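Only this structure's heavy atoms are used, side chains among them; waters, hydrogens and symmetry mates stay out. All of these numbers come straight from a predicted model, not from anything done at the bench.
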Amino acid sequence: KNEDEAQALWQLREEIPTAVRSSGGNIKNDISVPRGSLCRFIRETFAEFEEKTPWLAPAIFGHYGDGNLHFNLGNRPELGKGFWKQHEREVHRMVNDAVIRFGGSVAAEHGVGAKAALLERTKDPVELELMKTIRAALDPKGILNPGRVVRWPDNVWRNPAEAWD
């Protein structure tokens, strides 16, 4: 309604990560789903989690306007801080499978990072090849953020320092 309310909302949003850390942390998923499917994605994915992993406690926030979410999942407090850690791989797989079912991406605002191997499940092979071609054209020596975004043949990244030669 006004600037004060807008500032209060932003402050609340900015404090979410701090609150989550103090409650024991969570499994972080930086995902995107087509905006028209976002509410259905959240409803259906939560229903699946409640059935298979009822101990999860969601902390979802982010960028609804562009379909990007921090789809983070911790555990219910009675299980103790960090209980989620022993289930991290399973929960990531469940989230990633749901994102793929909805035609989304397992990498959103924060990029691909360690999830590069999942690109093959979420991107068309032609799109991946185009990404590699563009990257090679813009960075032929592989010196810009080596080893990131798109996986390259091992020999390209064996020694990124050689790219300066």
Using 4.0 Å as the upper bound for N to carboxylate O, is an ion pair formed by K132 and E127?
-> no
Please test Y64 against L38 for side chain to side chain contact (heavy atoms under 4.5 Å, CB included), starting from the C-alpha separation and ending with a verdict.
-> CA-CA 8 Å; Y64 184 88; L38 202 51; 3.0 Å; yes
Start with the C-alpha gap between I27 and K85, add the side-chain angles, then the distance that decides, and say whether side chain to side chain contact (heavy atoms under 4.5 Å, CB included) holds.
-> CA-CA 8 Å; I27 301 166; K85 290 178 183 178; over 6 Å; no
Are L73 and F49 side-chain neighbours, meaning at least one heavy-atom pair lies under 4.5 Å?
-> yes
Got a salt bridge between D97 and R93, using NZ or NE/NH1/NH2 to carboxylate O under 4.0 Å?
-> yes
Side chains of I60 and N72 in contact at under 4.5 Å (non-hydrogen atoms) = no
Would you say the side-chain atoms of Q11 and Q7 include a donor-acceptor pair closer than 3.5 Å?
-> no
Would you indicate whether the side-chain heavy atoms of L56 and R76 approach each other to under 4.5 Å?
-> no
Output all residues satisfying ring pair (Phe, Tyr, Trp, His ring centres under 6.0 Å) with F41, sequence neighbours left out; order by chain, then residue number.
-> F71, F102
Would you check if the side chain of N75 reaches a backbone N or O of G80 as a donor-acceptor pair within less than 3.5 Å?
-> yes
Does any N or O in the side chain of N96 come within less than 3.5 Å of the main-chain N or O of H92, such that one atom is a donor and the other an acceptor?
-> yes
If you group Ile, Leu, Val, Met, Phe, Trp and Tyr by side-chain heavy-atom gaps below 4.5 Å, do I143 and I134 land in one group?
-> no
Within the side chain of W84, is there an N or O that forms a donor-acceptor pair under 3.5 Å with the backbone of A57?
-> no
N26 meets the side chain to side chain donor-acceptor pair (under 3.5 Å) criterion, sequence neighbours left out, with K28
So which residues get pulled into V126's cluster when ILVMFWY side chains under 4.5 Å apart are joined, directly or through others?
-> none
Gap between atom CD of E44 and atom SG of C39 - 0.5 Å precision = 11.5 Å
Is it true that atom CZ of R35 has more than 12 heavy atoms of other residues, nucleotides or ligands lying nearer than 6.0 Å?
-> no
Closest non-hydrogen contact found for A19 with S22 is O-OG, 2.9 Å
Can you tell me how far the CZ atom of R13 sits from the CD atom of E15, to the nearest 0.5 Å?
-> 11.5 Å
Check whether any side-chain heavy atom of L69 lies under 4.5 Å from a side-chain heavy atom of H63, and answer yes or no.
-> no
Any chance you could measure E78, atom CD, to F83, atom CZ, to the nearest 0.5 Å?
-> 10.0 Å
Co-membership, hydrophobic cluster, residues V91 and I100, 4.5 Å side-chain = no
Nearest heavy-atom pair of P17 and F61: which atoms, and what distance?
-> CG-CZ, 4.0 Å
Residues H70, N29; criterion side chain to side chain donor-acceptor pair (under 3.5 Å); working and verdict = CA-CA 6 Å; H70 300 289; N29 295 280; over 6 Å; no
Side chain T45, main chain I42, donor-acceptor under 3.5 Å | no
Identify the heavy atoms of S32 and V99 that sit nearest to each other, and give their distance.
-> O-CG1, 3.8 Å
Which distance, rounded to the nearest 0.5 Å, do you find between the CD1 of I31 and the CG of N68?
-> 8.0 Å
